[in-house]
Amino acid sequence: MSRKKIVAGNWKMNKTPEEAEKLVSELIPMVQGSDVDVVVCTPYTSLWAAANILKGTDIALGAQNMHFADSGAYTGEVSADMLLALGVKYVIIGHSERRQYFGETDDTVNKKILKALEKGLIPIVCCGESLEQRELGVTGELVRQQIKIAFRGVTAEQAKGVVIAYEPIWAIGTGKTATAQQANEVCAIIRGVIGELYGASVAEQIRIQYGGSMNAGNAAELMSQPDIDGGLIGGASLKAEDFTKIVKYRG
Ligand code: 13P
């Protein structure tokens, strides 16, 4: 079976609401007619502005994080219900920058995925190794562990709809892309562990993105790999033209 590709822009800590309105307004006509699912993950502060413009278009809205509790004394945090109320459909969970700078662990990632699924948000679950871990030869073991813990308690029915993003940390924002073979190899390992957990049918259906210095020039080669079902794009998602070229990678 063929999986529909999914290209998501992770804007990280960039763009004011006004700038976000400008970028999504540019993107809407440019990505029209593409055969991939298109998502933009803006900062929290721009979700409302972007949502109002994206309503009724082919571009879905995503957030970059959420808390696993329903509500309460969690200063500075945002809940799944708050995101849903703004029209958010996807939420990035466990990005390496959140793990590195904000103390996220495989356990908090698991809690967040369970809450997102309970509420009806689609998690984009991030995993990936550091340069040191790659050089030590533990990439496969590491991502297997990250995925197994992330999916603890997730049912097969739920797992089908989850999106996984394989993002080698050494390739993020560095201009060093994993080769298409390296990226595909790890995406295949991830699909393998999903198969062990849920069986071949779920493994065939789940979508796995690659992320890490993906750009207009390398997107086609990466996305034509058999186990790569799209991209999670940082820097190149901040310019309408570059992001569109990735969305329309088939030319
Ligand atoms: P870059 O595309 O800027 O390397 O970022 C990738 C990323 O972290 C997307 O989540």
Side-chain angles (χ1 to χ4, degrees), residues 5-15 19-20 23 27 31 36-44 46-47 50 59-66 88-102 104 109 112-113 116 121-131 133-134 139 142-143 146-147 150 162-180 182-184 186-187 190 207-223 225 228-249:
K5 304 266 194 226
I6 175 164
V7 174
N10 174 10
W11 292 6
K12 307 193 180 182
M13 197 171 71
N14 293 290
K15 306 283 178 194
E19 290 165 346
L23 181 50
L27 277 175
V31 302
V36 313
D37 284 335
V38 182
V39 184
V40 292
C41 302
T42 79
Y44 289 142
S46 293
L47 287 171
I59 304 179
L61 189 59
Q64 300 172 15
N65 178 35
M66 58 166 252
V88 169
K89 186 171 172 193
Y90 293 85
V91 59
I92 299 173
I93 304 283
H95 191 281
S96 61
E97 287 150 17
R98 300 235 31 109
R99 296 178 192 249
Q100 188 178 349
Y101 306 126
F102 304 102
E104 294 221 14
V109 167
K112 290 180 179 196
I113 293 168
L121 286 163
I122 301 173
I124 299 178
V125 182
C126 300
C127 63
E129 82 289 2
S130 66
L131 185 57
Q133 289 162 335
R134 174 158 284 266
T139 300
L142 185 92
V143 296
Q146 288 175 329
I147 294 298
V162 172
V163 177
I164 298 174
Y166 166 57
E167 297 205 310
I169 298 167
W170 48 271
I172 296 177
T174 57
K176 268 194 220 161
T177 321
T179 64
Q182 281 174 326
N184 190 66
V186 182
C187 290
I190 293 167
R207 294 187 291 181
I208 306 175
Q209 299 172 312
Y210 167 78
S213 299
M214 199 192 264
N215 58 43
N218 59 28
E221 198 194 352
L222 285 159
M223 288 210 274
Q225 296 298 310
I228 300 180
D229 306 314
L232 185 56
I233 323 299
S237 71
L238 297 172
K239 292 207 177 96
E241 222 167 89
D242 292 353
F243 188 63
T244 302
K245 280 188 188 147
I246 299 173
V247 167
K248 300 205 164 170
Y249 69 99

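When a residue number appears, it is its place in the shown sequence, counting from 1. Atoms within each ligand, like the ligands themselves, are counted from 1 in listed order.
- Looking at ligand 1, you won't find any N or O of G211 less than 3.5 Å from one of its N or O atoms.
- Once rounded to the nearest 0.5 Å, the distance linking CD of E97 with CZ of F102 reads 8.5 Å.
- Using a 4.0 Å cutoff on heavy atoms, G212 counts as a contact of ligand 1.
- The single protein non-hydrogen atom nearest to atom 5 (O) of ligand 1 is K12 NZ, 3.2 Å, given as residue, atom name and distance.
- Under the 4.5 Å side-chain criterion, counting only non-hydrogen atoms from C-beta, M214 is not in contact with T177.
- Residue contact check: E167 has heavy atoms under 4.0 Å from atoms 6 (C), 7 (C), 8 (O), 9 (C), 10 (O) of ligand 1.
- Panel note: side chain Q225, backbone N184; no donor-acceptor pair is recorded below 3.5 Å.
- Considering backbone and side-chain N/O atoms, T174 never comes within less than 3.5 Å of an N/O atom of ligand 1.
- Summarising the geometry, atom CG belonging to N14 is positioned 11.0 Å from atom OG1 belonging to T42; distances are rounded to the nearest 0.5 Å.
- Those atoms of ligand 1 with a heavy atom of G234 less than 4.0 angstrom away are 1 (P), 2 (O), 3 (O), 5 (O), 6 (C), 9 (C).
- Between the CD1 atom of I122 and the CD1 atom of I93 there is a distance of 12.0 Å, given to the nearest 0.5 Å.
- Across Q100, E104, E167, a single residue satisfies side-chain hydrogen bond (donor to acceptor under 3.5 Å, both in side chains) together with H95, and that is E167.
- Distances below 4.0 Å separate heavy atoms of G173 from the following atoms of ligand 1: 1 (P), 3 (O), 4 (O).
- For the pair Y249 and L222, the minimum side-chain heavy-atom distance is 4.5 Å or more.
- Residue-to-ligand polar distances keep E97 apart from ligand 1: every N/O pair is separated by 3.5 Å or more.
- Here the SG atom belonging to C41 is positioned 7.0 Å from the CG atom belonging to L232, to the nearest 0.5 angstrom.
- Look at A171 and you'll find a heavy atom under 4.0 Å from some atom of ligand 1.
- Within ligand 1, counting atoms from 1 as listed, the ones closer than 4.0 Å to a heavy atom of S213 are 1 (P), 2 (O), 4 (O).
- Within the 4.0 Å heavy-atom criterion, both parts of L232, backbone and side chain, lie near ligand 1.
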Apply side chain to side chain donor-acceptor pair (under 3.5 Å) to the pair W11 and Q64, showing each step before the final yes or no. CA-CA 8 Å; W11 292 6; Q64 300 172 15; over 6 Å; no
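- Note: no N/O pair closer than 3.5 Å links I233 and ligand 1 by distance alone.
- The atoms of ligand 1 that sit less than 4.0 Å from any heavy atom of G235 are 1 (P), 2 (O), 3 (O).
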